[in-house]
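Below you'll find the structure, written out as structure tokens, and then a few comments.
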Amino acid sequence: MNVGHLAHSAEEVAPKLLGATLTHATPEGTVSITITETEAYSGAADPASHAYRGRTPRNAVMFGPAGHLYVYRSHGLHWCANIVTGTDGIASAVLLRAGRVIEGEDLARERRGDKVEGPRLARGPGNLCRALGITAEHNGTDLLTGASVVLSDGESVPTALIRVGPRVGVSRAHDRQHRFYLAGDPTVSAYRLSPRAKPSAGA
DNA sequence: GGCCAGATGGCC
DNA sequence: GCCATCTGGCCG
């Protein structure tokens, strides 16, 4: 993967990351996924973004150069990972919502639990991080320079298979069509409207 | 300083 | 549907 591919808005990059490969090698083994679901988040213009109110210690990586990993904790127990896009100094990132495990399925199942079905191993942003073994220690990692977590070109995905919809679980700007996923793919997570989402006009 | 909400997931 | 669990951000 070339950094040039990521040097655009999150909205542009998010659909293009479908089909790309994310790999994490550890002493225990290697797990790789094909990305099947993403969401775009921007900065000052996006009320649902962590960067909406400006730079803070938590979201600082979002403001940095493209190709780095932004990891945050959700609800006190899950980790979620984003790929930073765009220009250094301007916040934007793509949340990795789901993927298909293509290497290291045994290790992924060890991390996720015995009973988890193959397609569900990395279904949902928290599960994706757990299957890959991504935690806070990977926040800020450069994915393009051969660090432990690496983003690489995978299979090319036919445009006709890409679907767009509203983002999952966000209470603000929840109508924005910034979620991208592969049609009919069982590894894609279920849509859920935030309980706090305000009713929108025309609904 | 304190409180509330949250880019979730699993179990009842 | 409900709850766990904790951190960031804002004073709702």
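Note on naming: letters A, B, ... go to the chains in the order of the sequence lines (proteins, then strands), and numbering restarts at 1 for each one.
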Choose from B:dT8, C:dG9, B:dG6 the nucleotide whose nearest atom is closest to any side-chain atom of A:Pro57. C:dG9
Of all the choices, C:dC6, B:dT8, B:dA7, which nucleotide is nearest to the side chain of A:Arg73 once you look at every atom? C:dC6
Could you state the NE2-C1' distance from A:His78 to C:dT7, rounded to the nearest angstrom? 14 Å
Polar side chain donor-acceptor pair, A:Ser49 to A:Ser42, under 3.5 angstrom: no
Determine, for A:Glu39 against A:Arg167, whether the closest basic-nitrogen to carboxylate-oxygen distance falls under 4.0 angstrom. no
Residue met sooner reading DNA chain B from 5', once A:Ser171 and A:Gly124 are mapped to nucleotides: A:Ser171
Taking C:dT5, C:dG9, B:dT8 as options, the one with an atom nearest any side-chain atom of A:Leu77 is C:dT5
Does the base of B:dG9 carry an N or O that pairs as donor and acceptor with the side chain of A:Arg192 under 3.5 Å? yes
For the base of B:dA7, is there a side-chain donor-acceptor partner from A:His50 under 3.5 Å away? yes
Ignoring backbone atoms, test whether A:Arg112 places a side-chain nitrogen or oxygen under 4.0 Å from the OP1 or OP2 oxygen of B:dG10. yes
Report yes if at least one side-chain N or O of A:Arg172 is closer than 4.0 Å to OP1 or OP2 of B:dA5; otherwise report no. no
Should stems be defined as at least three consecutive Watson-Crick or G-U pairs with both distances under 3.5 angstrom, which of them involve DNA chain B? B:1-6 with C:6-11, B:8-11 with C:1-4
Closest listed nucleotide, where the reference is the side chain of A:Asn127 and the choices are B:dA7, B:dG10, C:dG9: B:dG10
Compute whether any side-chain donor of one residue and acceptor of the other, for A:Ser189 and A:Arg97, lie under 3.5 angstrom apart. yes
A:Trp79 has an atom CH2; how far is it from atom C1' of C:dT5, in whole Å? 12 Å
Any A:Arg97 side-chain nitrogen or oxygen under 4.0 Å from OP1 or OP2 of B:dA7: no
By centroid distance (under 5.5 Å) and plane angle (under 30°), are A:Tyr72 and B:dA7 in a stacked arrangement? no
Has A:Thr56 got a side-chain N or O lying under 4.0 Å from the OP1 or OP2 atom of C:dG8? no
